[in-house]
**Student:** 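I'd like to ask you about the structure that follows.
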Amino acid sequence: MPELPEVEVIARGLDGWLPGQRIQAVDLLWPRSVALPAAAEFIAGLTGRRFERVGRRGKFVQMALDNGATLFVHLRMSGSLYRAPAGAPPGPHTRALFHLAGPCDLYFADTRKFGRLYLTYEPAEIVSRLGPEPLGDDFSAGWLTTALRGRRTRIKPLLLDQTFIAGIGNIYADEALFLAGLHPSRVADSLSAGEAGRLHAAIREVLQSAIARRGTTLSDYRDAEGERGQNQEFLRVYGRAGWPCERCGRPIERTVIGQRSAHFCPACQI
DNA sequence: AAGAGACCCTGGATGC
DNA sequence: TGCATCCAGGGTCTCT
């Protein structure tokens with residue numbers, strides 16, 4: 001599932017070749033992938049436009065266009081954006097095809113159909129509700145310590161709340177809490193400044209390592225060139241229920257917190 | 001503020 | 001074997 005590191009790897013990959021490419025035509029194979037505007041308007045608004053810089057905000061791929069508009073893509077669970085030779089036949093899960101003037105086309109594929117495309121002149125209407133970027137300057141240990149005050153929810157669901165902090169999903173929330181030695185059910189407000197500092201460092205470490213390993217591929221995820229990531233070889237708790245904790249040897253447990261699976265070591269995470 | 005549940009979907013796993 | 005059902009997952013929405 002694409003979370004911040006996977007989206008970052010995809011955005012960097014696209015930014016290496018997409019800027020300057022002109023969109024000649026758009027095929028919408030599953031129009032409901034477009035969140036806004038209406039499908040016909042989406043196609044008309046993109047046709048003839050040239051891509052500029054490609055970046056990321058939270059879990060959104062952000063693609064600037066030469067007329068000031070922005071194309072946002074949220075990959076949700078199974079979405080992917082990749083380059084394919086022009087004229088290549090769409091696969092069974094291709095939902096949108098961007099025919100470019102060059103030798104390659106841009107494909108949006110999405111098995112689960114949860115991913116969404118947004119074309120807008122007002123980026124704020126898409127991303128203004130997002131919390132700070134965990135790898136950005138706004139996200140400091142001090143900010144986290146203060147932000148946790150008065151929050152009576154459990155820390156794991158709070159890390160998944162995109163309005164609190166942007167880009168963390170289930171895998172990296174579990175991994176960061178393990179690295180910080182914090183139980184996912186801890187009430188956010190109960191963390192000491194020291195614990196908040198550990199969590200801050202753990203979040204950065206987990207995300208940066210995953211980017212360096214080009215993301216976590218458990219099933220669907222591929223980067224913009226169709227390659228698998230390597231970070232799945234380094235997960236310490238996610239998907240490892242029953243396996244020994246690499247720190248203490250006790251079996252990793254899986255439970256449900258806030259209607260999401262949570263993996264943790266019952267001895268190392270307090 | 002917090003949390004439960006529904007919804008959107010598919011394919012792999014499980015149950016009968 | 002073949003079919004039905006369950007479940008995971010991110011985000012948004014409604015309801016309590």
**Student:** In this structure, how many angstroms lie between the C1' atom of C/dA8 and the CZ atom of A/R112, rounded?
**Tutor:**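 It is 8 Å, rounded to the nearest whole Å.
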**Student:** Between A/E175 and A/V237, is any pair of side-chain heavy atoms under 4.5 Å apart?
**Tutor:**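 Yes, at least one pair of side-chain atoms sits under 4.5 Å.
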**Student:** Hey, is A/E133 close enough to A/R57 for a salt bridge, meaning N to O under 4.0 Å?
**Tutor:**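 Between A/R57 and A/E133 there is a salt bridge, with a charged N closer than 4.0 Å to a carboxylate O.
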**Student:** Measure up the A/H74 and A/F60 rings against each other and bin them: parallel (under 30°), tilted (30 to 60°), perpendicular (over 60°).
**Tutor:**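 Perpendicular.
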**Student:** For the pair A/W143 and A/F164, name the ring-plane relationship: parallel under 30°, tilted 30 to 60°, perpendicular over 60°.
**Tutor:**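 Correct class here is tilted.
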**Student:** Could you tell me whether the side-chain ring of A/F114 sits stacked on the base of C/dG11, using a centroid cut-off under 5.5 Å and a plane angle under 30°?
**Tutor:**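 Whether judged by distance or by angle, A/F114 falls short somewhere, so it does not stack on the base of C/dG11.
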**Student:** Grab the CG-P distance between A/L159 and C/dG10 for me, whole Å please.
**Tutor:**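 My rounded result for the distance is 13 Å.
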**Student:** Mind calculating the distance between CZ (A/R76) and C1' (C/dC13) to the nearest angstrom?
**Tutor:**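 The distance from CZ of A/R76 to C1' of C/dC13 comes to 12 Å, rounded to the nearest Å.
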**Student:** Think A/R254 has a side-chain N or O under 4.0 angstrom from the OP1 or OP2 of C/dA8?
**Tutor:**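 So the side-chain polar atoms of A/R254 do come within 4.0 Å of the phosphate oxygens OP1 or OP2 of C/dA8, strictly under.
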**Student:** I need the NZ-P distance between A/K156 and B/dA2, as an integer number of Å.
**Tutor:**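 A/K156 atom NZ is separated from B/dA2 atom P by 17 Å.
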**Student:** Any side-chain N or O of A/S261 less than 4.0 Å from the OP1 or OP2 oxygen of C/dG9?
**Tutor:**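 A/S261 to C/dG9 OP1/OP2: side-chain N or O found under 4.0 Å.
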**Student:** Could you state the CZ-P distance from A/R32 to C/dG11, rounded to the nearest angstrom?
**Tutor:**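 Checked: the CZ to P distance equals 20 Å.
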**Student:** Please determine whether a side-chain nitrogen or oxygen atom of A/H74 lies at a distance below 4.0 Å from atom OP1 or OP2 of C/dG11.
**Tutor:**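 For A/H74, the contact criterion (side-chain N or O under 4.0 Å from OP1 or OP2 of C/dG11) is met.
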**Student:** Should A/K59 be listed as having a side-chain N or O under 4.0 Å from OP1 or OP2 of C/dG10?
**Tutor:**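 The answer is no; no side-chain N or O of A/K59 sits under 4.0 Å from OP1 or OP2.
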**Student:** Flag this pair as yes if the NZ/CZ of A/R49 is under 6.0 angstrom from the six-membered ring centre of A/F98 and inside a 45 degree cone about the axis; otherwise no.
**Tutor:**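 Because its charged atom misses either the 6.0 Å distance or the 45° angle limit, A/R49 does not stack over A/F98.
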**Student:** Between C/dG10, B/dG3, C/dG9, spot the one nearest the side chain of A/T153, thanks.
**Tutor:**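 Between C/dG10, B/dG3, C/dG9, the one nearest the side chain of A/T153 would be B/dG3.
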**Student:** Across the strands shown, which category fits A/R95 at heavy-atom distances under 4.0 angstrom: base, sugar-phosphate, nothing?
**Tutor:**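 If one applies the 4.0 Å heavy-atom cut-off, A/R95 turns out to touch nothing in the nucleic acid.
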**Student:** Of A/Y238 and A/I126, whose nearest nucleotide on DNA chain C comes first from the 5' end?
**Tutor:**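 Looking at DNA chain C, the more 5' nearest nucleotide goes with A/Y238.
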**Student:** Give the nucleotide from the list B/dA4, B/dG11, B/dC8 with an atom nearest to the side chain of A/H93.
**Tutor:**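 Nearest to the side chain of A/H93 among the choices is B/dG11.
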**Student:** B/dA2, OP1 or OP2 - any side-chain N/O from A/R151 closer than 4.0 Å?
**Tutor:**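 Answer is yes, contact under 4.0 Å.
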**Student:** Does OP1 or OP2 of B/dT10 have a side-chain N or O of A/K113 closer than 4.0 Å?
**Tutor:**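 Looking at the OP1 and OP2 atoms of B/dT10, one of them is under 4.0 Å from a side-chain N or O of A/K113.
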**Student:** Counting any heavy atom closer than 4.0 Å, what does A/F164 reach on the DNA or RNA strands: base, sugar-phosphate only, or nothing?
**Tutor:**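 No contact.
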**Student:** Compare side-chain N and O positions of A/R152 against OP1 and OP2 of B/dG3 and report whether any pair is under 4.0 Å apart.
**Tutor:**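 Answer is no, no contact under 4.0 Å.
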**Student:** Report which part of the nucleic acid A/N170 touches: base, sugar-phosphate, or nothing (heavy-atom distance under 4.0 Å, all strands).
**Tutor:**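 The answer is sugar-phosphate, as A/N170 gets under 4.0 Å only of primed atoms, P, OP1 or OP2.
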**Student:** Quick one: A/R260 CZ to B/dA6 C1', roughly how many Å, whole number?
**Tutor:**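 Rounded to whole Å, this separation is 13 Å.
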**Student:** Rounding to a whole Å, what distance do you find between A/L160:CG and B/dA4:C1'?
**Tutor:**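 The distance from CG of A/L160 to C1' of B/dA4 comes to 16 Å, rounded to the nearest Å.
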**Student:** Can you measure A/L75 atom CG to C/dG10 atom P for me and round it to whole angstrom units?
**Tutor:**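 Computing the A/L75:CG to C/dG10:P distance gives 13 Å.
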**Student:** Taking the side chain as C-beta and beyond, is there a heavy-atom pair between A/F114 and A/S78 under 4.5 Å?
**Tutor:**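 Heavy-atom side-chain distance check fails, nothing below 4.5 Å.
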**Student:** Is A/Q259 touching bases, backbone alone, or none of the nucleic acid, heavy atoms closer than 4.0 Å?
**Tutor:**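 Base contact - A/Q259 has a heavy atom under 4.0 Å of at least one base atom.
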**Student:** Return the nearest nucleotide to the side chain of A/W30; candidates are C/dG10, B/dC9, B/dG5.
**Tutor:**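 It is B/dC9.
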